[in-house]
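Given the structure is predicted, the values throughout are model-derived calculations rather than measurements.
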Amino acid sequence: MPLFVSSPPQPDQGLPPPLAAVPVPWKSTDPCQGHRESPGALVETSAGEEAQGQEGPAATQLDVLRLRSSSMEIREKGSEFLKEELHRAQKELKLKDEECERLSKVREQLEQELEELTASLFEEAHKMVREANMKQAASEKQLKEARGKIDMLQAEVTALKTLVITSTPASPNRELHPQLLSPTKAGPRKGHSRHKSTSSALCPAVCPAVGHTLTPDREGKEVDTILFAEFQAWREAPTLDKTCPFLERVHREDVGPCLDFTMQELSTLVRAAVEDNTLTIEPVASQTLPAVKVAEVECSSTNTCALSGLTRTCRHRIRLGDSESHYYISPSSRARITAVCNFFTYIRYIQQGLVRQDAEPMFWEIMRLRKEMSLAKLGFFPQEA
């Protein structure tokens, strides 16, 4: 019959059921004999299995603890690595911020230097332009003055050429050689044998061509105190301004009436050209012909005077400034223009300091020039040979 082994009841700890509840089969060592193992062997087997059942949960717990400790170590190492990376990234970011700040300062400095350089360049350019404009203005002024002087010299040379042309051995100019005048013609011109373009400072007391002393002027002279005072005031500071009392009187009493021709528009232009010293008087080309043909030329050269409008023999023509237009003028108109030009030439010489005389001789020379303007206005002019 089967043998059952009873054991005391134990609390339920998740262990396998007791051996009493599990039937133990017989183990035969020899199939011929058919005997079973002893109860002691069964007890030992159950004890060993119980011991194995108790060691299983402890090993599982140990493995779980080991896994937990490994994960914690991994987490700690990962956090330390991330902290190191974060610290390194922060350090690199700080270095880059410093580099950006330094580059920003360099850029600001370069921009400031560029602005200063641009401002200095613009200032220098404006300065150069201003200096160039000033030099150009000065050059233009000098050019204008030089042209004025050239025109004045050309007018004087033209006048000298006219004198040379109109006084030849075959046909001498009796104005330049008063000894050739007849007694009837020499009477009204007694004491006035000097040429109107020659000042008293340059007129010699002895005529070199003739070799004898000129006849002294027998007309009485008396200085007008008002005119002399105005002249002395002007002589202290010579000027060509028409507003000063001296020149204002001369313009009103002599220059204006002498240059007041029938053709008013052209008269105004002629007066402005005379005052600006830009008028040129030229002899007509026919004057250069031989003397034997002069009579034939005169017969065929009758023109109309551009200033008076009268039909007269015009041996001279005038040109205003740089204009290419010419105007033919009669001898009377030429004498009036020449008288005014002589007056302005003399006062320009005084202004430039070329006349070195006392006040009274200069005053009388100016009065003589004013007298010529008055006579020319009244129609008295020298006859051309």
Side-chain angles (χ1 to χ4, degrees), residues 155-156 158-168 171-200 203 217 219 250-251 253-264 266-267 270-271 273-274 279-284 286-287 291 294-295 297-298 301-319 326-346 365-385:
E156 294 179 358
T158 303
L160 293 175
K161 287 181 179 180
T162 304
L163 294 177
V164 173
I165 291 172
T166 57
S167 179
T168 61
S171 179
N173 190 340
R174 288 176 172 78
E175 279 296 314
L176 296 177
H177 304 283
Q179 73 277 7
L180 300 178
L181 294 175
S182 62
T184 57
K185 293 184 178 180
R189 302 177 187 276
K190 188 176 181 180
H192 299 278
S193 60
R194 293 175 296 174
H195 192 263
K196 50 185 167 293
S197 63
T198 307
S199 65
S200 61
C203 183
D217 191 357
E219 293 180 352
V250 175
H251 276 273
E253 296 179 357
D254 300 313
V255 176
C258 192
L259 297 181
D260 186 13
F261 295 96
T262 304
M263 303 300 176
Q264 293 292 326
L266 184 58
S267 300
V270 169
R271 181 172 179 177
V274 171
L279 182 138
T280 304
I281 301 178
E282 302 173 347
V284 179
S286 61
Q287 294 296 311
V294 170
V297 173
E298 288 180 356
S301 62
T302 302
N303 297 318
T304 302
C305 179
L307 291 171
S308 64
L310 301 176
T311 302
R312 294 290 184 270
T313 300
C314 301
R315 296 194 178 107
H316 294 82
R317 61 183 183 180
I318 59 175
R319 183 163 53 88
H326 295 82
Y327 303 93
Y328 291 91
I329 58 175
S330 64
S332 176
S333 299
R334 173 180 175 267
R336 293 167 66 172
I337 296 174
T338 304
V340 178
C341 289
N342 290 338
F343 169 76
F344 278 106
T345 300
Y346 187 67
E365 179 62 21
I366 291 177
M367 294 301 106
R368 185 187 69 80
L369 296 173
R370 292 185 63 183
K371 180 181 177 181
E372 287 188 358
M373 288 189 285
S374 299
L375 291 175
K377 169 60 180 174
L378 295 175
F380 295 98
F381 61 92
Q383 291 290 338
E384 298 180 357

Chi angles and distances behind the side-chain contact (heavy atoms from CB on, under 4.5 Å) call for Glu365, Tyr346 = CA-CA 9 Å; Glu365 179 62 21; Tyr346 187 67; 3.5 Å; yes
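- Taking the ring-ring contact (aromatic ring centres under 6.0 Å, His included) definition, one finds that Phe261 meets it with nothing, sequence neighbours left out.
- Under a 3.5 Å cut-off, the side chain of Asn342 and the backbone N or O of Thr338 do form a donor-acceptor pair.
- A 4.5 Å side-chain heavy-atom check between His326 and Glu282 finds at least one atom pair inside the cut-off.
- Taking NZ from Lys371 and CG from Asp254, the interatomic distance works out to 13.0 Å, rounded to the nearest 0.5 Å.
- With a 4.5 Å cut-off on side-chain heavy atoms, Phe343 and Val250 count as touching.
- Rounding to the nearest 0.5 angstrom, the gap separating the CG atom in Leu369 from the SG atom in Cys341 is 11.5 Å.
- Taking CG of Leu375 as the reference point, atom CZ of Arg370 lies at 12.5 Å (rounded to 0.5 Å).
- For the atom pair CG of Leu259 and CZ of Arg336, the computed distance is 7.5 Å after rounding to the nearest 0.5 Å.
- Contact check for Arg319 versus Ile281: no side-chain heavy atoms found under the 4.5 Å cut-off.
- Closest non-hydrogen pair, Leu279 versus Ala155, comes out as O-CB, 4.3 Å.
- Shortest non-hydrogen contact noted between Cys314 and Ser330 is SG-N, 3.9 Å.
- Residue His251 holds its NE2 atom at 12.5 Å from SG of Cys258, rounded to the nearest 0.5 Å.
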request  = Verify side-chain contact (heavy atoms from CB on, under 4.5 Å) between Ile337 and Leu307, making sure each step is shown before the conclusion.
outcome  = CA-CA 11 Å; Ile337 296 174; Leu307 291 171; 3.6 Å; yes
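- In terms of heavy-atom proximity, Met373 sits nearest to Val255 at SD-CG2, 4.1 Å.
- Using modelled atom types, no side-chain atom of Ser333 and backbone atom of Ile329 make a donor-acceptor pair closer than 3.5 Å.
- Inter-residue side-chain proximity for Arg315 and Arg334 is flagged as unmet; no heavy-atom pair is nearer than 4.5 Å.
- Gly256 approaches Arg271 most closely through the heavy-atom pair CA-NH1, 3.6 Å.
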